[in-house]
*Asks:* 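Starting off with a structure, shown below.
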Amino acid sequence: MPIVIGAKPESDFADPIGMLADCHRRVERFLSVLVRLALEARGGALTSEQRTALETALQYFRDAAPKHTADEEESLFPRVRGIDSPEARAVLRCVESLEGDHARAQESHQEVERLGRAWLTSGGLSYGDAERFSALVAGLADLYRDHIAIEERELFPAAARLLAEPERKAMGEEMAARRGLGKGTASRTL
(Lines give C-alpha, C1' and ligand atoms only; values in the text may rest on other atoms or scores of the structure.)
Protein backbone atom coordinates (compact mmCIF):
# COMPACT_ATOMS: atom_id res chain seq x y z
CA MET A 1 0.00 0.00 0.00
CA PRO A 2 1.50 3.37 -0.95
CA ILE A 3 2.28 5.86 1.77
CA VAL A 4 0.05 8.92 1.65
CA ILE A 5 1.48 12.01 3.33
CA GLY A 6 -0.91 13.24 5.98
CA ALA A 7 -2.93 10.01 6.01
CA LYS A 8 -3.82 8.54 9.37
CA PRO A 9 -1.84 5.35 9.91
CA GLU A 10 -3.88 2.24 10.55
CA SER A 11 -4.24 1.26 14.18
CA ASP A 12 -2.67 -1.80 15.73
CA PHE A 13 -3.68 -4.30 18.40
CA ALA A 14 -2.59 -1.83 21.09
CA ASP A 15 -5.54 0.31 19.94
CA PRO A 16 -8.36 -2.21 19.46
CA ILE A 17 -11.07 0.45 19.20
CA GLY A 18 -9.08 2.13 16.43
CA MET A 19 -8.68 -1.23 14.71
CA LEU A 20 -12.45 -1.74 14.75
CA ALA A 21 -12.90 1.63 13.02
CA ASP A 22 -10.13 0.77 10.51
CA CYS A 23 -11.98 -2.46 9.73
CA HIS A 24 -15.08 -0.40 8.97
CA ARG A 25 -13.12 1.36 6.23
CA ARG A 26 -12.29 -2.03 4.71
CA VAL A 27 -15.94 -3.14 4.96
CA GLU A 28 -16.99 0.04 3.16
CA ARG A 29 -14.29 -0.36 0.51
CA PHE A 30 -15.10 -4.01 -0.30
CA LEU A 31 -18.83 -3.37 -0.20
CA SER A 32 -18.42 -0.50 -2.65
CA VAL A 33 -16.63 -2.95 -4.96
CA LEU A 34 -19.65 -5.27 -4.86
CA VAL A 35 -22.10 -2.43 -5.43
CA ARG A 36 -20.05 -1.11 -8.35
CA LEU A 37 -19.80 -4.59 -9.92
CA ALA A 38 -23.54 -5.10 -9.61
CA LEU A 39 -24.17 -1.80 -11.40
CA GLU A 40 -21.50 -2.14 -14.08
CA ALA A 41 -21.64 -5.84 -14.97
CA ARG A 42 -25.33 -6.49 -14.18
CA GLY A 43 -24.68 -10.21 -13.89
CA GLY A 44 -22.99 -10.40 -17.29
CA ALA A 45 -19.52 -11.49 -18.29
CA LEU A 46 -16.79 -10.12 -16.06
CA THR A 47 -13.52 -8.63 -17.23
CA SER A 48 -10.43 -10.11 -15.60
CA GLU A 49 -10.21 -7.02 -13.37
CA GLN A 50 -13.87 -7.34 -12.32
CA ARG A 51 -13.42 -11.06 -11.70
CA THR A 52 -10.44 -10.42 -9.41
CA ALA A 53 -12.34 -7.65 -7.61
CA LEU A 54 -15.35 -9.94 -7.05
CA GLU A 55 -13.18 -12.81 -5.80
CA THR A 56 -11.29 -10.49 -3.45
CA ALA A 57 -14.44 -8.87 -2.02
CA LEU A 58 -16.14 -12.23 -1.51
CA GLN A 59 -13.04 -13.56 0.23
CA TYR A 60 -12.92 -10.51 2.51
CA PHE A 61 -16.53 -10.94 3.60
CA ARG A 62 -16.12 -14.71 3.93
CA ASP A 63 -12.85 -14.73 5.90
CA ALA A 64 -12.05 -11.38 7.51
CA ALA A 65 -15.40 -9.72 8.21
CA PRO A 66 -16.58 -12.51 10.56
CA LYS A 67 -13.51 -11.84 12.72
CA HIS A 68 -14.57 -8.20 13.00
CA THR A 69 -18.05 -9.27 14.08
CA ALA A 70 -16.51 -11.59 16.68
CA ASP A 71 -14.26 -8.74 17.85
CA GLU A 72 -17.38 -6.74 18.62
CA GLU A 73 -19.65 -9.49 19.93
CA GLU A 74 -17.07 -11.45 21.92
CA SER A 75 -14.57 -8.79 22.99
CA LEU A 76 -16.19 -5.33 22.93
CA PHE A 77 -19.88 -5.78 23.73
CA PRO A 78 -19.36 -8.00 26.83
CA ARG A 79 -16.82 -5.57 28.27
CA VAL A 80 -19.14 -2.61 27.83
CA ARG A 81 -21.97 -4.67 29.37
CA GLY A 82 -19.71 -5.28 32.38
CA ILE A 83 -19.34 -1.57 33.16
CA ASP A 84 -21.74 -0.18 35.71
CA SER A 85 -22.06 3.47 34.77
CA PRO A 86 -24.77 5.70 33.36
CA GLU A 87 -22.75 6.23 30.16
CA ALA A 88 -22.33 2.47 29.64
CA ARG A 89 -26.03 1.84 30.26
CA ALA A 90 -26.93 4.56 27.77
CA VAL A 91 -24.70 3.16 25.02
CA LEU A 92 -25.84 -0.41 25.69
CA ARG A 93 -29.27 0.50 24.34
CA CYS A 94 -27.82 0.34 20.85
CA VAL A 95 -25.91 -2.95 21.29
CA GLU A 96 -28.95 -5.22 20.84
CA SER A 97 -29.77 -3.45 17.59
CA LEU A 98 -26.14 -3.80 16.46
CA GLU A 99 -26.22 -7.53 17.16
CA GLY A 100 -29.39 -7.79 15.09
CA ASP A 101 -27.60 -5.98 12.27
CA HIS A 102 -24.80 -8.56 12.45
CA ALA A 103 -27.29 -11.40 12.07
CA ARG A 104 -29.05 -9.74 9.12
CA ALA A 105 -25.72 -8.95 7.44
CA GLN A 106 -24.55 -12.55 7.85
CA GLU A 107 -27.68 -13.87 6.13
CA SER A 108 -27.25 -11.44 3.25
CA HIS A 109 -23.56 -12.21 2.93
CA GLN A 110 -24.29 -15.92 2.66
CA GLU A 111 -26.58 -15.27 -0.29
CA VAL A 112 -24.13 -12.79 -1.86
CA GLU A 113 -21.43 -15.45 -1.52
CA ARG A 114 -23.65 -18.07 -3.20
CA LEU A 115 -24.58 -15.75 -6.07
CA GLY A 116 -21.04 -14.43 -6.42
CA ARG A 117 -19.62 -17.97 -6.61
CA ALA A 118 -22.24 -18.86 -9.22
CA TRP A 119 -21.30 -15.74 -11.20
CA LEU A 120 -17.61 -16.66 -11.10
CA THR A 121 -18.27 -20.31 -11.98
CA SER A 122 -20.74 -19.87 -14.81
CA GLY A 123 -19.51 -16.54 -16.16
CA GLY A 124 -22.86 -14.84 -15.67
CA LEU A 125 -26.06 -14.63 -13.68
CA SER A 126 -29.65 -14.90 -14.79
CA TYR A 127 -31.60 -11.65 -14.83
CA GLY A 128 -33.35 -12.61 -11.58
CA ASP A 129 -30.11 -13.57 -9.83
CA ALA A 130 -28.39 -10.40 -11.03
CA GLU A 131 -31.27 -8.32 -9.67
CA ARG A 132 -31.13 -10.24 -6.37
CA PHE A 133 -27.35 -9.74 -6.10
CA SER A 134 -27.79 -6.02 -6.75
CA ALA A 135 -30.59 -5.73 -4.17
CA LEU A 136 -28.58 -7.63 -1.57
CA VAL A 137 -25.45 -5.50 -1.90
CA ALA A 138 -27.51 -2.30 -1.93
CA GLY A 139 -29.27 -3.48 1.23
CA LEU A 140 -25.95 -4.29 2.86
CA ALA A 141 -24.66 -0.82 1.95
CA ASP A 142 -27.66 0.74 3.72
CA LEU A 143 -27.33 -1.54 6.73
CA TYR A 144 -23.60 -0.93 7.13
CA ARG A 145 -23.92 2.83 6.66
CA ASP A 146 -26.32 3.09 9.61
CA HIS A 147 -24.56 0.40 11.67
CA ILE A 148 -21.12 1.97 11.31
CA ALA A 149 -22.47 5.44 12.08
CA ILE A 150 -23.95 4.25 15.39
CA GLU A 151 -20.79 2.40 16.38
CA GLU A 152 -18.45 5.23 15.49
CA ARG A 153 -20.63 8.04 16.82
CA GLU A 154 -21.82 6.37 20.05
CA LEU A 155 -20.33 3.00 20.97
CA PHE A 156 -16.64 3.34 20.09
CA PRO A 157 -16.09 6.76 21.72
CA ALA A 158 -17.85 5.58 24.89
CA ALA A 159 -15.85 2.35 24.96
CA ALA A 160 -12.60 4.28 24.50
CA ARG A 161 -13.49 6.42 27.52
CA LEU A 162 -14.90 3.63 29.70
CA LEU A 163 -12.56 0.70 29.15
CA ALA A 164 -9.46 0.72 31.32
CA GLU A 165 -6.07 0.02 29.75
CA PRO A 166 -5.97 -3.64 30.91
CA GLU A 167 -9.37 -4.23 29.28
CA ARG A 168 -8.25 -2.63 26.02
CA LYS A 169 -5.03 -4.65 26.10
CA ALA A 170 -6.94 -7.91 26.67
CA MET A 171 -9.31 -6.97 23.86
CA GLY A 172 -6.37 -6.39 21.50
CA GLU A 173 -4.86 -9.75 22.46
CA GLU A 174 -8.17 -11.50 21.77
CA MET A 175 -8.41 -9.80 18.39
CA ALA A 176 -4.84 -10.87 17.55
CA ALA A 177 -5.57 -14.46 18.62
CA ARG A 178 -8.64 -14.51 16.34
CA ARG A 179 -6.26 -13.83 13.47
CA GLY A 180 -3.83 -16.53 14.53
CA LEU A 181 -1.34 -14.06 15.97
CA GLY A 182 0.16 -14.60 19.41
CA LYS A 183 1.15 -12.32 22.23
CA GLY A 184 3.56 -9.54 21.41
CA THR A 185 1.64 -8.51 18.32
CA ALA A 186 0.46 -5.19 19.75
CA SER A 187 2.18 -3.28 16.97
CA ARG A 188 0.77 -5.41 14.14
CA THR A 189 -2.27 -4.46 12.12
CA LEU A 190 -5.19 -6.51 10.77
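Worth knowing before you read on, the calculation uses all heavy atoms, side chains too, and leaves out hydrogens, waters and symmetry mates.
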*Asks:* Is there a path of hydrophobic side-chain contacts, each under 4.5 Å between heavy atoms of I/L/V/M/F/W/Y residues, joining Y60 to M19?
*Replies:* no
*Asks:* What's the separation between atom CG in L34 and atom CG in L115, rounded to the nearest 0.5 Å?
*Replies:* 11.5 Å
*Asks:* Can you list every side-chain hydrogen bond (donor to acceptor under 3.5 Å, both in side chains) pair that touches residues 119-132, not counting sequence neighbours?
*Replies:* E111-R132
*Asks:* Any link between F77 and L143 through a network of hydrophobic side chains (Ile, Leu, Val, Met, Phe, Trp, Tyr) touching at under 4.5 Å?
*Replies:*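 Shared cluster, no.
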*Asks:* Listed by chain and number, what are the side-chain contact (heavy atoms from CB on, under 4.5 Å) partners of T47, not counting sequence neighbours?
*Replies:*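 In terms of side-chain contact (heavy atoms from CB on, under 4.5 Å), with neighbours along the sequence ignored, T47 is linked to E49, Q50.
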*Asks:* With sequence neighbours excluded, give me every side-chain hydrogen bond (donor to acceptor under 3.5 Å, both in side chains) pair touching residues 30-45.
*Replies:* none
*Asks:* Just so I know, are the side chains of R179 and D71 near enough to count as touching, which here means a heavy-atom distance under 4.5 Å?
*Replies:*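 Yes, their side chains come closer than 4.5 Å.
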*Asks:* Suppose the criterion is side-chain hydrogen bond (donor to acceptor under 3.5 Å, both in side chains): which pairs have a residue in residues 101-110, not counting sequence neighbours?
*Replies:*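 Of all non-adjacent pairs touching residues 101-110, those that pass side-chain hydrogen bond (donor to acceptor under 3.5 Å, both in side chains) are E72-H102, E73-H102, D101-R104, D101-H147, H102-H147, H109-Y144.
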*Asks:* When rounded to the nearest 0.5 angstrom, what distance separates CG in L54 from CZ in R117?
*Replies:* 7.0 Å
*Asks:* Using a 4.5 Å cut-off on heavy atoms from C-beta on, say whether the side chain of L140 contacts that of V35.
*Replies:* no
*Asks:* Quick check: closest heavy atoms across V137 and L31, and the distance to 0.1 Å?
*Replies:* O-CD1, 4.1 Å
*Asks:* Under a 3.5 Å distance rule, please check whether S134 uses its side chain to pair with a backbone N or O of A130 as donor and acceptor.
*Replies:* no
*Asks:* Could you tell me which residues satisfy salt bridge (Lys or Arg N to Asp or Glu O under 4.0 Å) with R153, sequence neighbours excluded, listed by chain and number?
*Replies:*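 If we apply the salt bridge (Lys or Arg N to Asp or Glu O under 4.0 Å) test to R153, skipping adjacent residues, there are no hits.
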*Asks:* Report the relative orientation of the aromatic rings in F156 and H24; use parallel for angles under 30°, tilted for 30 to 60°, perpendicular for over 60°.
*Replies:* parallel
*Asks:* So does S75 get a backbone contact from the side chain of R79, meaning a donor-acceptor N/O pair under 3.5 Å?
*Replies:* yes
*Asks:* Should V95 and R81 be marked as a side-chain contact (heavy atoms from CB on, under 4.5 Å) after you check the CA-CA gap, both sets of side-chain angles, and the distance that decides it?
*Replies:* CA-CA 9 Å; V95 168; R81 283 185 174 112; 3.2 Å; yes
*Asks:* Can we say R25 and E152 salt-bridge, meaning some charged N sits less than 4.0 Å from an Asp/Glu carboxylate O?
*Replies:* yes
*Asks:* Please round to the nearest 0.5 Å and tell me the distance separating atom OG1 of T69 and atom CD of E74.
*Replies:* 9.5 Å
*Asks:* For a quick test of reading the model, state the closest non-hydrogen atom pair linking V80 to A88 and the distance between them.
*Replies:* O-CB, 4.0 Å
*Asks:* If you define the side chain from C-beta out and look only at heavy atoms, does anything of L58 sit under 4.5 Å from V112?
*Replies:*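 Yes - at least one pair of side-chain heavy atoms lies under 4.5 Å apart.
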*Asks:* Begin from the C-alpha positions of I83 and L92 and carry the test side-chain contact (heavy atoms from CB on, under 4.5 Å) through to its verdict.
*Replies:* CA-CA 10 Å; I83 298 170; L92 283 172; over 6 Å; no
*Asks:* Do V27 and L155 belong together in a cluster built from hydrophobic side chains that touch within less than 4.5 Å?
*Replies:* no
*Asks:* Let me confirm one number: the CG-CG distance from L120 to L125, rounded to the nearest 0.5 Å.
*Replies:* 9.0 Å
*Asks:* Quick one: salt bridge (Lys or Arg N to Asp or Glu O under 4.0 Å) partners of E165, sequence neighbours excluded?
*Replies:* R168
*Asks:* Working to the nearest 0.5 angstrom, can you tell me the gap between I17 CD1 and M171 CE?
*Replies:*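 Answer rounded to 0.5 Å: 4.0 Å.
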*Asks:* Just verifying a value: how many Å separate H68 NE2 and M175 CE, rounded to the nearest 0.5 Å?
*Replies:*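 Between atom NE2 of H68 and atom CE of M175 there are 8.0 Å.
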